[in-house]
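Okay, structure first, notes after.
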Amino acid sequence: MAKIIVVTSGKGGVGKTTSAAAISAGLAMRGHKTVVIDFDVGLRNLDMIMGCERRVVFDFINVIQGDAKLKQALIKDRRLETLSILPTSQTRDKDALTREGVKAVLDELRDDFDYIVCDSPAGIERGAHLAMYYADEAVVVTNPEVSSVRDSDRVLGLLNSKTARAEKSGEEGIKSHLLLTRYDPQRVAKGEMMKVEDVLEILAIPLLGIIPESTTVLRASNVGMPVVLDEKSGAGKAYEDAVSRLIGEQIEMRIQMAERPSLFQRLLGRTA
Amino acid sequence: MFGFSFKPRKASNTAQTAKERLQILLAHERVDRSNSELLPILQKEILEVIKRHMQVDSDTVDIKLERGDDMSSLEINIELPGAQMLATRGAA
């Protein structure tokens, strides 16, 4: 029986899709059969981050509306054989998502996969609501910045009240984890950015990982590769650690430093 | 002589300010979330009490909530009819 994990945040631009791509690739690297679903109807982007944008034929909405079979819409990753992507529609609007439709697709996926990762759109409306509704666990992506932390707090409130697990009495609630992204230890040292401990104290949920602000994240998205596949990337390593914790391994929390350009590179005026 | 110094710029800890602002705001927002209907209910019930004793128009009620660190204040302003209004109403 698959575990359903929603990657959500409330605020946009904090790294939800990057994280959903990295986490699902990380799970697949460990041999778990994983599917990642894009819930951002109309603003599809997971396909680009995963590098399969030219292979999309049918999508999530086609399956929900019965225009295509689930097997036809799933795209198998070319790097990791245990990873599949279910892209969303670029043309329909979010009303095309229905609770029954989402449930039917998830139920069908549950039989074939170990993990179903739901990449939520920003906001708290239909797409975001349905992305979290059937989840067993949530990864709340947060930047150490006031508006992101506030929105994460709001989303945590919704996870604890407006989801299937919250509505069913007697059932355990959704397990929420904090993923702190775009963390810059140097700015933290200068007192310009909130510390991990500050954000943890405010949101009061367990910490899944700390992803450093890193140039390798943009580079990975440029070429359509989940950053976790970049072995030299500090962010990639931090995502690997986060995935280990997600599947229950005890791993010491360490803050990966962003890669510093070497003296030689700096002399040549190159930026990494 | 020279217009610069080697003294490090005194870092103002804005991160601490961010944390404190969030703590105050979220403490209030979490309460509001569990009871988002509080203000309309308060307004309705307070008006009912006052209406038992005098005539007031629902449109002349103004409710303000100010969230503070140590305390919050709820300000309710109700326009009561003046003596003249009462007199004309009484005559009608």
Side-chain angles (χ1 to χ4, degrees), chain A residues 8-11 14 123-124 128-129 132 140 142-163 166-167 173-174 176 178 180-205 207 210 212-213 255, chain B residues 1-49 58-78:
Chain A
T8 184
S9 72
K11 189 175 181 298
V14 296
I124 49 173
H129 172 66
M132 71 169 68
V140 179
T142 308
N143 292 166
E145 176 270 325
V146 286
S147 48
S148 175
V149 174
R150 182 196 203 176
D151 290 358
S152 292
D153 190 74
R154 177 94 172 88
V155 160
L156 283 169
L158 295 173
L159 285 166
N160 293 330
S161 62
K162 300 276 195 278
T163 52
E167 286 170 4
I174 288 188
S176 297
L178 175 69
L180 199 58
T181 55
R182 309 200 71 162
Y183 194 73
D184 186 338
Q186 289 181 314
R187 301 197 73 187
V188 170
K190 283 191 219 155
E192 292 176 358
M193 184 181 270
M194 280 185 281
K195 294 194 286 274
V196 187
E197 296 79 11
D198 294 343
V199 181
L200 278 175
E201 189 185 329
I202 293 166
L203 294 179
I205 53 170
L207 181 62
I210 306 162
E213 173 80 68
I255 299 176
Chain B
M1 211 172 356
F2 298 105
F4 60 88
S5 84
F6 289 104
K7 251 194 286 176
R9 206 156 31 108
K10 193 169 170 262
S12 59
N13 196 330
T14 54
Q16 187 60 30
T17 314
K19 182 188 178 187
E20 286 162 11
R21 287 177 61 213
L22 275 167
Q23 281 174 323
I24 295 168
L25 178 73
L26 293 182
H28 287 289
E29 282 188 350
R30 285 168 189 158
V31 175
D32 291 354
R33 208 182 285 152
S34 55
N35 201 354
S36 60
E37 295 296 298
L38 178 67
L39 275 189
I41 293 169
L42 261 184
Q43 173 166 349
K44 191 167 155 267
E45 290 185 0
I46 290 172
L47 258 180
E48 275 166 13
V49 171
S58 314
D59 295 337
T60 61
V61 181
D62 187 28
I63 296 198
K64 274 189 200 133
L65 184 69
E66 176 87 31
R67 296 183 177 91
D69 189 356
D70 296 328
M71 60 172 255
S72 302
S73 69
L74 177 68
E75 188 183 314
I76 303 177
N77 237 313
I78 305 172

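Just so it is clear: chains get the letters A, B, ... in the order the sequence lines come, proteins before strands, and each one is counted from 1.
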Seminar exercise, completed: In terms of heavy-atom contacts, V146(A) and L22(B) come closest through O-CD2, 3.5 Å
Problem set entry | Sequence-distant partners of T181(A), side chain to side chain contact (heavy atoms under 4.5 Å, CB included), two or more places apart | S19(A), V141(A), N143(A), L179(A), I211(A), Y239(A)
For this session: First locate atom NZ of K190(A), then atom OG1 of T14(B), and finally report the distance between them rounded to the nearest 0.5 Å.
Result: 11.0 Å
Seminar exercise, completed: Closest non-hydrogen contact found for D153(A) with R30(B) is OD1-NH2, 2.5 Å
For this session: Using a cut-off of under 4.5 Å on heavy-atom pairs, state which of M193(A), E145(A), E201(A) scores highest against chain B.
Result: E201(A)
For this session: Could you list the residues that satisfy salt bridge (charged side-chain N to carboxylate O under 4.0 Å, His left out) with R154(A), not counting sequence neighbours?
Result: none
Problem set entry | I202(A) CD1 to R21(B) CZ distance, which is reported to the nearest 0.5 Å | 11.0 Å
For this session: Report the C-alpha distance between K19(B) and K195(A) in whole Å, list the side-chain angles of each, state the deciding distance to 0.1 Å, and finish with yes or no for side-chain contact (heavy atoms from CB on, under 4.5 Å).
Result: CA-CA 9 Å; K19(B) 182 188 178 187; K195(A) 294 194 286 274; over 6 Å; no
Problem set entry | Which portion of M194(A) sits near chain B, non-hydrogen atoms under 4.5 angstrom | both
